[in-house]
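None of the values given here were measured: they were computed from a predicted structure.
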Amino acid sequence: MVGRGLAGLIRRGLKIDDAGVARSRVRLTADFDEVAARLADGRRYLTGDAFTAADLTFAALAAPVVWPDAYAAFVGPLVETPKAMQALVAEWRATVGGEFVLRMYAEHRGGAGAAVTAR
């Protein structure tokens, strides 16, 4: 019973309700749109031709909605999540920002526990 009570406190404290989800989705869409705009000129990374903290930060913060394979090592396989979550992840992965996150993990994350290296 403590788990249910704690979950309720977390939901209320973090405003995890329909309105909060809608606000978060608007914010995520704006952030992903900004990444797409930055990459629209053909650059490989957010600030140009080199991997920087900006790329690392966006990829790390977007991982929960893009669910790269290396991220799954920490939270479990995507196929074990509810179908609604899988659909949401597929939606974010299909964006320019989502593709960028997947590429950052593929190119700059050697393994699930490997350190990120700059090129």
Euclidean distance, Arg38 CZ relative to Thr47 OG1, rounded to 0.5 Å
7.5 Å
Can you find a pair of side-chain heavy atoms, one from Arg25 and one from Leu88, that are under 4.5 Å apart?
yes
Minimum-distance pair of heavy atoms, taken over all atoms of Pro68 and Val101
CG-CG1, 4.1 Å
Minimum heavy-atom distance Tyr105-Ala59, with the two atoms named:
CE1-O, 3.5 Å
Atom of Asp55, atom of Leu46 and distance for their closest heavy-atom approach
OD1-N, 2.7 Å
For Phe58 together with Tyr45, are the ring centres under 6.0 Å from each other?
no
Answer yes or no: is there a donor N or O on one side and an acceptor on the other, between the side chain of Thr57 and the main chain of Ala54, under 3.5 Å?
no
CG of Asp18: more than 12 outside heavy atoms within 6.0 angstrom?
no
Heavy-atom distance under 4.5 Å between the side chains of Arg44 and Glu107, does that happen here?
yes
Leu39 side chain near Phe100 side chain, heavy-atom distance below 4.5 Å
yes
Taking the six-membered ring of Tyr71, is the NZ or CZ of Arg109 close enough (under 6.0 Å from the centre) and on axis enough (within 45°)?
no
Please tell me whether Leu6 and Ile16 are part of a single hydrophobic cluster in this structure, the criterion being side-chain heavy atoms less than 4.5 Å apart.
yes
Quick one, Asp33 with Thr29, criterion side chain to side chain contact (heavy atoms under 4.5 Å, CB included). Give me CA distance, side-chain angles, the key distance, then yes/no.
CA-CA 6 Å; Asp33 287 349; Thr29 298; 3.7 Å; yes
Could you state whether Val75 and Val89 fall into the same hydrophobic cluster, counting links through intermediate Ile, Leu, Val, Met, Phe, Trp or Tyr residues with side-chain heavy atoms under 4.5 angstrom apart?
yes
Taking all heavy atoms of Val66 and all of Arg93, pick out the closest pair and write down the distance.
O-NE, 2.7 Å
Tell me, do Phe32 and Val65 make a side-chain contact under 4.5 Å, heavy atoms counted?
yes
Nearest atoms (heavy-atom pairs only) where Gly76 meets Trp67
O-NE1, 3.1 Å
Can you check whether Leu56 reaches Met104 side chain to side chain, under 4.5 Å on heavy atoms?
no
